[in-house]
Each structure stands twice: as C-alpha cells, then as structure tokens.
Amino acid sequence: MDKLVLIDGNSIAFRAFYALPLLTNSSGTYTNAAYGFTMMLMKVLEEEKPSHVLVAFDAGRTTFRHDTYQEYKGTRDKTPGELSEQLPLIKEVLDAFGVRHFELDRYEADDIIGTLAKQGDADGMAVRIVTGDKDLLQLVTDRISILMTRKGVTDAERYDKQAIRDKYGLQPEQIVDLKGLMGDNSDNIPGIPGVGEKTALKLLHQFETVEGVLDHIADLPGKKLKERVEEHQEQARLSKELATIYCEVPLDFSLQDLAYRDIERNRVAPVFKRLEFKTLLDRIQTDEPQQEAKKTKDVPYRQVTNDNAHQWESLLEADELALFVEKTAPNYHRADVLGIALSDGEEQLYVPLETAKEWKALTDWLADENKKKIAYDIKGTQIALRRHGLASAGYDFDVLLASYVINASESGHELSDIVERKLDGSLPEDDAVYGKGAKRKQLEGEELAAHLANKVHALTSLKPVLDDELRTYQLDALFYDLEMPVTHVLTEMEWIGVKVDKRQLRALGDELQERLNELTTTIYQLAGTEFNINSPKQLGEILFDKLGLPVLKKTKTGYSTSADVLERLAPQHEVVEQILHYRQVGKLISTYVEGLLKEMTAAEDKIHTRFQQATTATGRLSSTDPNLQNIPIRLEEGRRIRQVFVPAEPEWVIVSADYSQIELRVLAHLSQDEGLMEAFAKGMDVHTKTAMDVFGVDAEGVTSLMRRHAKAVNFGIVYGISDYGLSQSLNITRKEAAAFIERYFASYPGVKQYMDDVIRQAKTEGYVTTMLHRRRYLPDINSRNYNLRSFAERTAMNTPIQGSAADIIKQAMVEMQRVLQVEGLNSRLLLQVHDELIFEAPQTEVDVLSERVVQVMEGAVELSVPLKVDVSAGKTWYEAK
DNA sequence: ACCCTCACG
DNA sequence: ACGTACGTGAGGGTA
C-alpha cells in the first residue's frame with residue numbers, strides 16, 4: 001500500500017537546532033539544524049519506507065490567520081539567524097535526496113500538511129506526519145497518524161486515535177476545542193484566561209466542544225469559572241478557529257508528484273561532503289553495499305603455463321576476444337604488466353607476462369589487426385604491452401570510452417563502476433582487492449588470476465550492452481568514427497613523448513630560485529617578520545592582522561589572499577606586489593621546473609604525458625602526469641618554460657597550429673546570428689566588431705578600453721553569461737555589467753535566441769548536445785535551488801560551444817594523422833592544447849606540413865562561417881608562436 | 001582528504 | 001535576497 005510521509009519542516013528544523021549544540025563546519029557555517037534534520041529525515045525514510053514524501057515549510061511572516069487576529073504568534077521571538085540561514089541547507093539536502101519540499105505564501109506548513117493528509121486519506125494511503133507541534137494531532141484518523149518528536153532529535157512517539165484517547169480522553173477533532181479553551185502561549189492564542197489543560201479536559205469530557213461548553217455556561221462548576229467563560233466566549237471561538245488547520249490550501253501539484261524513490265548516493269554524497277556530515281556520509285556509503293549483498297560470483301579460468309599453452313590455441317581463433325592487461329600502477333608509461341587475461345565470454349585464460357612473451361600464438365594474435373579485441377582503455381593497454389615488447393592491434397571496442405560517450409558525467413568510469421551501472425551483479429573494486437594507500441599489496445597466483453578473470457569476463461558482457469546503448473542514443477558514430485580513432489592518435493602522441501632540454505631547464509630553475517630567494521628576503525623585511533609565504537593562513541595574518549590591510553574577500557576558511565585581491569591591495573603596501581611576484585616565481589619552480597624534471601625519462605629526457613580521453617564533461621581532453629596543457633604563456637617570465645621543449649631530432653623544429661576564435665565561430669554557426677556570421681565572413685577582428693556594435697561606434701571609434709570590455713563580454717557569452725561574472729572580470733558594478741549584456745543581446749538577437757533555445761531544450765529534454773551529437777545531461781536544470789539551476793543553465797549555454805570545438809579538433813587530429821601517414825611524412829603530432837596542435841617536424845617538411853595542417857584543421861567540419869588556423873614554426877615551443 | 005591558489009584554453 | 005562566470009590538473013598547506 002502507498003504510504004505518504006509529511007514532514008513539518010520548520011518544526012523539525014527548530015527542534016534539531018535547539019537539541020544540538022551550535023555546530024559549525026570548517027567554513028564557519030552553522031550546520032546543527034541541518035544535521036539534526038537530516039538525521040531525522042534518514043531515520044523516517046528508513047523506518048517508514050514511504051512511497052511519497054513532502055516536507056512543508058512556513059512561508060512568510062503573515063498568514064491568512066493574521067487577517068482575523070493580528071496578534072497571532074505575536075509573542076514569538078524572531079527565528080534566530082543561525083537557524084534561518086540553515087533552511088537553504090536543509091532544502092539542498094532535500095533536493096539531493098529527491099524529496100519534494102513546498103511552502104506557500106499566506107499559509108503555514110500545518111495547512112499544507114493538513115490538505116495533503118486529507119487527500120492521502122481519501123485516496124486510501126497510510127499517512128504519517130512528522131512534527132513537534134501538538135496542533136497537528138487534530139488531523140489524526142484511522143489512516144493518519146503523527147510521529148511527535150520527544151526529547152533529542154530522532155526520538156519520536158507515535159500518536160494514533162487510541163494514543164490520543166489514552167492521553168487526553170479526546171477524539172482528534174477535539175484537539176482544536178482543547179486549544180480554544182486553554183489557548184496556546186507559543187502561538188499567542190488566548191483561550192480562556194484561567195483555564196488550563198486540566199480544566200479544559202474536564203469540560204470537554206462533559207460537553208465535547210467549545211460550542212457545547214458555551215451552550216452550558218450555567219451548568220459549569222464554580223462561580224469564577226462561569227464568569228470567565230461568560231466573559232471570554234468570543235475569544236474562545238476565535239481561539240478554536242485559529243487552532244483549526246485549513247485543509248483546502250490551493251496546491252499546484254498532486255500527490256503523485258510526491259513519489260519518492262530510493263536515495264541516490266551519488267547525489268547525496270557530495271552534499272554531505274560539503275556540509276561535512278561525516279558520520280552520515282559513512283552511513284550512506286557503507287549501508288548500501290551491505291544491504292544489497294552484492295552477488296559476486298567468480299568466473300572460472302585457466303592459468304596458462306609454458307607447458308600447457310598449446311591446449312588453448314583454439315581460443316585465439318575466435319572472431320573477437322576480450323583482452324585485459326593488469327598493470328602495477330595507473331601510469332602505464334612507467335608501470336609494469338602484472339598479467340594478461342583473455343575471454344571469449346565463456347572461457348577465461350590468465351597468462352603471466354613471462355609466459356605471454358614466449359607464447360608465439362598469443363603474440364601473433366596480439367599483433368594481428370584482423371583479430372578483434374575488446375579492451376578497457378585501449379591506449380593504456382597498448383602502451384603497457386608495447387613497453388614489454390608486445391605489439392598489439394585490432395582493437396575494436398573500448399569499454400572505457402563507450403561508457404564515457406554514453407554519459408561523461410557519471411561519477412566514475414572505473415571498470416567496477418561501469419559493471420555496477422550496466423550489469424547485474426558486480427565486480428570487486430581494485431581498491432578492495434589490492435587494498436588502498438599504505439595497505440596496498442601485490443597480488444599473485446590464484447588471487448590475481450581470479451580477479452583478472454572476473455575483469456576480462458566483464459568486458460565481454462559489457463560490450464553488447466554498451467554497443468546497444470550507443471546505438472539507442474545515436475552515439476555510435478561519435479564513438480566508432482571519432483573517439484575510437486582519436487584514441488589511436490593519442491596512443492602514438494603519448495608514446496613518442498616530448499623532448500626536454502634538461503640542462504636548460506635546470507639553468508632556468510636555478511635562475512628562478514635565486515629570484516625567489518631575493519623576493520623572500522625583501523618580503524620578510526617589508527613585513528617585519530619571517531613567515532611561510534606559501535601558507536595562505538600565515539600570509540593572511542600578516543597582511544590583514546599585522547599590517548591592517550582591508551579584507552576585501554573571505555574564503556570558507558579565512559581571509560582570501562588570491563591574486564585578484566592582492567592586485568587591489570597592491571597600492572596600499574609595497575609588500576603586496578612582492579608577494580604576487582613571489583607566488584608567480586614559486587609556481588614556476590614547483591610546478592614547472594621541479595614538476596617537469598620529475599617526469600622526464602632517464603634514457604631520453606622525454607616527457608610522456610597521459611591524455612585523459614574519458615574525463616571532461618564537455619568532450620575535451622585533459623592531460624596529466626604532467627599536465628602539458630597548462631604550460632605558461634601569458635606572462636613572459638613563465639613563457640620561457642616553453643624554451644625547454646625542443647624537437648627530439650637534430651635539424652627538426654616545433655610547429656604549432658591553432659584555431660583562431662574557434663568557440664565564437666562555433667557560436668556563430670550554432671546560433672546563425674547574422675551579425676556574428678558577418679564578422680567572420682568578412683574576416684574582422686571579432687572583439688572590435690563586438691565593440692562597434694555594443695558601443696555604437698565605427699571601427700576608428702573603438703578605444704582599447706572598449707575592445708577590452710567587448711572581449712570580456714564575448715568570453716562571458718561563451719561561458720554562459722551572468723552579470724555577476726562579467727562584473728568580476730571587468731571590475732565594474734553588476735548594473736554596468738547587466739547593461740553591457742543587454743546591449744550585446746540587442747546587437748546580436750540571434751545569439752540571444754540561441755541561448756534561450758538551448759536552455760529551453762535542456763529543460764525539456766534534460767540534456768544538451770554538441771555538433772557531433774555528444775550529450776551532456778543536466779540533472780539540475782529544473783531544480784528549485786536557484787544556484788544549482790543557474791549553474792545548469794550556464795552549462796547548457798557553454799557545453800555545446802566548448803564541446804563542439806572539442807569535436808572539431810578531434811576530427812582534425814584523426815584526419816591529420818591519416819594525412820601524415822598516406823603522404824609518408826616524418827612529422828609527428830606531439831600535443832593537443834584544446835584549440836591547437838603541436839608537431840615536431842624535419843626542417844624540410846615545415847612548408848608542406850604547414851599547408852596540410854591548415855587544410856585539415858580548417859576543413860575538419862563544414863560550418864556556416866570559415867574556420868581559421870594560424871601556423872608557426874620555431875626551434876623550440878617558445879619560438880613557435 | 002580537502003582547501004586554496006594558479007597555470008592553461 | 002540569493003551568489004556563479006565555462007572546462008581542466010598540480011602543488012603546498014592544513015587538519
């Protein structure tokens with residue numbers, strides 16, 4: 001049977017607030033009420049297992065009751081700020097739980113609850129009302145009962161008709177009569193002075209209702225009582241009216257809209273993390289697996305040895321096999337191979353590395369491009385094998401990439417995560433098998449073989465499921481024609497690596513270190529004390545406590561000392577500028593000099609980054625260990641880091657080709673805005689053109705300030721504009737920013753129309769798409785939480801732009817690799833940095849390479865505006881600008 | 001493990 | 001009244 005749980009939000013929050021000490025989390029936010037409320041919520045959900053849930057809140061201060069009685073709740077103290085500021089947190093928790101909450105102007109939570117309780121009762125549902133307010137007892141029927149909080153937070157007592165009879169000797173409907181006679185201090189309901197609970201109950205037992213008592217004033221015991229009742233008849237009637245819950249609140253939703261499903265840990269966990277509900281976090285994370293009692297069944301396997309290998313050769317004839325290569329660490333450029341497993345879906349083979357190397361049938365199978373292979377992370381698999389001298393080809397399905405293409409935003413794309421989502425049963429997580437952190441151990445023998453057998457078998461089960469899903473959502477072209485080919489291009493890029501001039505890098509490091517030492521001395525002098533400049537905490541104390549500089553911005557944990565704050569403080573104290581410079585130099589040393597030195601190979605002085613192809617929500621790549629997509633360029637001092645990136649061969653050069661304004665061109669294409677398309681068609685400087693349109697001047701009239709502002713607006717448009725964001729970036733007021741945005745949209749109505757359309761599409765479909773049909777789901781787009789919703793709206797505007805640009809350069813990479821191959825060029829693609837490709841090339845090939853790369857990149861897709869690519873070459877990455 | 005800060009597009 | 005520009009990864013400090 002359906003069960004409806006109605007929670008009196010303010011009442012429970014109030015109770016939690018006073019039951020718990022005034023806790024704060026590390027950011028100084030009070031969380032005790034939210035914490036207690038959440039405990040109560042979880043307890044109720046667990047114990048009642050409702051099919052429908054709603055939490056009702058009081059809306060404003062005035063309600064329809066104030067129309068008849070202005071003093072209603074007049075004695076009540078204002079809700080403390082420490083409590084009211086927690087109400088949004090509570091609502092956030094509810095959103096994460098997927099529990100509806102509601103409040104309505106002029107009505108109290110009680111009335112909303114009453115209205116829905118009656119509806120539920122009429123529909124034959126069991127109704128549970130959770131509150132600390134005894135008024136609600138009047139709603140009890142055979143099907144409606146109340147969980148009344150007692151002491152503490154989660155301790156509650158259940159009231160049904162019998163319990164009310166036992167306690168008061170009354171029917172539930174008589175609770176309002178009780179209030180009518182005795183009043184209620186907390187709501188400032190007067191009742192009849194001098195009549196308390198005892199007298200009221202006695203009267204009601206005899207005369208049943210307020211009206212009954214008033215009809216029999218003559219029969220009342222005691223002269224004083226008679227007088228009081230006589231005198232306060234109207235007040236008693238009014239008090240009863242005030243205490244009566246109004247059960248016909250106009251609601252714009254139905255009971256069916258309150259349907260509640262089980263909690264999704266993935267949505268709740270981040271909220272708990274942020275609020276620092278550690279115990280509750282543990283509870284949701286450990287509870288679930290135990291409850292589900294995962295059906296983990298080890299699949300059978302055979303271990304291949306040098307002696308028995310020949311027995312298994314027939315398996316290698318299969319049309320398609322899954323291949324899983326287990327590594328000793330995630331970084332396959334360094335890790336060793338632990339073992340290899342194969343599966344045809346029925347039989348699993350475990351082959352120790354040394355056996356694999358000597359088993360010719362296997363090495364032939366690996367290298368044969370006609371022998372199809374399913375793998376998880378083809379790129380890592382192929383490189384790990386190659387490092388052990390094992391060539392491999394014929395990969396036709398990457399489970400990792402398929403999972404990513406289906407839904408990039410899913411919380412994890414580890415094999416165990418994918419199995420959890422797409423198959424019944426589960427795969428033990430690597431962390432559980434190997435242990436985590438210090439407890440990590442090397443597996444061997446049977447244990448390792450069994451684990452790998454489970455993994456490789458999972459690949460065979462996953463492929464048909466994922467392939468089917470790719471086709472269902474028309475993502476198969478994106479997967480097979482783009483992401484799969486891209487992974488092969490990236491394999492070669494990573495494998496080749498980038499050469500670094502180690503001596504020069506060390507020299508640069510020494511020079512920077514000297515500079516840093518000088519800065520340190522100066523800063524200590526100017527500050528009058530020595531401290532750790534790298535510690536934002538200590539730095540904050542020096543700047544704001546000791547030197548008394550104004551606090552312009554705070555972070556969750558204290559003073560903000562970020563660059564934009566320091567820049568504004570610089571005129572007030574000369575130490576600030578030194579600190580900014582110190583930060584800059586320190587970053588160069590630790591991240592770039594030391595960071596890069598750590599990643600260089602001993603044999604070749606090369607760096608092999610890993611391009612993550614299944615990480616970003618938009619379809620971009622990212623780069624790790626080290627990140628070669630954020631090498632400094634904006635400031636000259638940092639830009640010099642690029643001097644150490646050199647060609648791997650003598651007489652070769654670095655060639656860089658980058659798209660000019662690809663995101664705004666994509667926007668022009670997607671929006672079909674006339675003005676924007678015209679700007680690109682005529683080859684204009686787009687920021688200047690924007691300045692002309694927004695400020696209504698001709699090309700000569702555009703000042704550098706106007707262009708700077710127009711440029712920021714263009715950035716904002718791409719990011720999903722907000723007046724606040726623009727005001728921050730330009731250091732102007734929000735009003736001024738809003739005016740810019742309005743003028744921009746007036747000048748480019750097509751862009752405005754597009755932004756509205758894409759948000760509307762996201763709201764109705766739940767996702768947005770890129771030019772090559774990549775999808776991004778936006779679960780918060782219809783959230784009632786303003787912040788979540790706004791964020792989703794900006795994402796809806798940004799993702800088709802950023803994601804389509806990512807699609808385009810990926811397409812160009814695939815085509816470029818093909819062109820280099822068929823034309824027999826020796827030039828090699830080394831890096832991709834979102835809108836640019838970096839090659840190393842023999843000096844002799846520079847001209848032909850430049851010509852080809854422009855052709856390929858500009859022709860990667862057909863847009864309504866031209867794509868433009870700039871190329872340059874130099875002896876180092878620094879000079880290729 | 002998390003926060004702050006900062007490097008890139 | 002609310003509070004955020006979009007997408008990333010890395011290093012150092014702190015709890």
Side-chain angles (χ1 to χ4, degrees), chain A residues 25-27 84-85 87-88 91 273-274 276 278 281 408 436-437 532-540 553-566 579-580 583-584 586-596 598-599 609-612 615-635 638-639 641-642 658-659 661-663 712-713 715-730 734 737 741 776 785-803 805-806 809 831-836:
Chain A
N25 66 10
S26 59
S27 57
S84 53
E85 72 188 36
L87 293 179
K91 290 172 187 171
K273 258 185 210 153
R274 197 154 37 76
E276 299 171 11
K278 295 217 172 68
L281 187 63
K436 231 166 94 169
N532 184 348
I533 308 166
N534 286 320
S535 160
K537 188 162 167 255
Q538 293 182 35
L539 179 60
K553 202 161 97 181
K554 285 188 146 194
T555 68
K556 274 187 261 181
T557 48
Y559 306 123
S560 170
T561 65
S562 59
D564 64 313
V565 171
L566 297 189
I579 289 165
L580 279 164
R583 285 246 178 98
Q584 197 194 318
K587 176 92 179 173
L588 293 176
I589 293 173
S590 64
T591 304
Y592 297 103
V593 176
E594 290 171 358
L596 292 178
K598 261 186 254 169
E599 298 289 343
T609 186
R610 285 183 298 151
F611 286 106
Q612 306 297 329
T615 292
T616 73
T618 54
R620 276 190 176 181
L621 301 176
S622 77
S623 159
T624 60
D625 303 310
N627 182 354
L628 291 184
Q629 290 182 319
N630 71 347
I631 301 302
I633 188 166
R634 291 173 191 168
L635 301 171
R639 192 175 195 156
I641 295 285
R642 295 182 173 227
D658 68 296
Y659 281 113
Q661 303 295 354
I662 186 167
E663 291 191 335
V713 173
F715 267 101
I717 292 291
V718 169
Y719 291 158
I721 194 102
S722 75
D723 50 12
Y724 181 86
L726 183 63
S727 74
Q728 288 297 300
S729 93
L730 283 178
R734 240 170 76 174
I741 293 167
R776 181 172 184 180
N785 177 321
Y786 174 86
N787 273 330
L788 292 178
R789 187 176 66 247
S790 305
F791 190 34
E793 287 172 358
R794 293 195 299 275
T795 309
M797 296 186 260
N798 170 263
T799 294
I801 301 172
Q802 189 183 119
I809 194 164
L831 297 172
Q832 185 253 42
V833 192
H834 310 307
D835 65 355
E836 71 178 314

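Order of the sequence lines fixes the chain letters, A, B, ..., with proteins taken first and strands second; residue numbering starts at 1 for each chain. Hydrogens, waters and symmetry mates play no part in the numbers below; they use all other heavy atoms, side chains included. Keep in mind the model is a prediction, meaning the values are calculated, not measured.
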**Prompt:** Nearest to the side chain of A:Gln802 - C:dA5, B:dG9, B:dC6?
**Reply:** B:dG9

**Prompt:** Closer than 4.0 Å, any side-chain N/O of A:Arg794 to the OP1 or OP2 of C:dC6?
**Reply:** yes

**Asked** If you check every side-chain atom of A:Asn787, which of C:dG3, C:dG7, B:dT5 has the closest atom?
**Response** C:dG3

**Asked** Would one find a side-chain N or O of A:Arg583 under 4.0 angstrom from OP1 or OP2 of B:dC6?
**Response** yes

**Message:** When you measure from the side-chain N and O atoms of A:Thr555 to the phosphate of B:dC4, is any distance below 4.0 Å, counting only OP1 and OP2?
**Reply:** yes

**Item:** Identity of whatever pairs with C:dG11 - Watson-Crick or G-U, under 3.5 angstrom
**Value:** B:dC4

**Request:** To the nearest Å, give me how far apart CD1 (A:Ile809) and P (C:dG7) are.
**Result:** 19 Å

**Prompt:** Would a distance-only check, ignoring hydrogens and angles, find a side-chain to backbone donor-acceptor pair under 3.5 Å from A:Ser790 to A:Glu793?
**Reply:** no

**Asked** Does any N or O donor sit under 3.5 Å from an N or O acceptor when you compare the side chain of A:Arg634 with the base of B:dG9?
**Response** yes

**Fill in**
Per atom distances to the A:Pro536 side chain, the nearest of C:dG9, C:dA5, B:dC4 is B:dC4

**Message:** Would the base of C:dG7 count as contacting A:Tyr719 through its side chain, where contact means a donor and an acceptor less than 3.5 Å apart?
**Reply:** no

**Message:** Taking 4.0 Å as the cut-off, does a side-chain nitrogen or oxygen of A:Ser623 come that near to OP1 or OP2 on C:dT8?
**Reply:** no

**Message:** With a cut-off of less than 4.0 Å, is there a side-chain N or O of A:Arg776 near OP1 or OP2 of C:dG7?
**Reply:** yes

**Message:** For the base of C:dT4 and the side-chain ring of A:Tyr724, does the geometry meet a stacking cutoff of under 5.5 Å between centres and under 30° between planes?
**Reply:** yes

**Message:** Is the phosphate of C:dT14 approached by A:Ser535 (side-chain N or O, under 4.0 Å from OP1 or OP2)?
**Reply:** yes

**Message:** Could you check whether the side chain of A:Arg734 and the base of C:dG3 have a donor-acceptor pair of N or O atoms closer than 3.5 Å, going by distance alone?
**Reply:** yes

**Prompt:** Checking only heavy atoms, does the side chain of A:Lys556 share a donor-acceptor pair with the base of B:dC3 at less than 3.5 Å?
**Reply:** no

**Request:** In whole angstrom, give me the gap between the P atoms of C:dA5 and B:dC3.
**Result:** 15 Å

**Asked** Within the modelled atom types, does a donor on one side and an acceptor on the other bring the side chain of A:Thr591 and the base of B:dA7 under 3.5 Å apart?
**Response** no

**Asked** Which value, in whole Å, describes the distance between the P atoms of nucleotides B:dC6 and C:dG3?
**Response** 24 Å

**Message:** Any side-chain to backbone donor/acceptor pair from A:Thr609 onto A:Thr624? Under 3.5 Å, distance only.
**Reply:** yes

**Item:** Check: B:dC8 base within 3.5 Å donor-acceptor of A:Gln629 side chain
**Value:** no

**Prompt:** Among the nucleotides B:dC3, C:dG11, C:dG9, which one has an atom lying closest to any side-chain atom of A:Lys587?
**Reply:** C:dG9

**Closest listed nucleotide, where the reference is the side chain of A:Ser622 and the choices are C:dA5, B:dC8, C:dT8** = C:dT8

**Asked** Does C:dG7 have OP1 or OP2 sitting under 4.0 Å from an N or O in the side chain of A:Asn798?
**Response** no

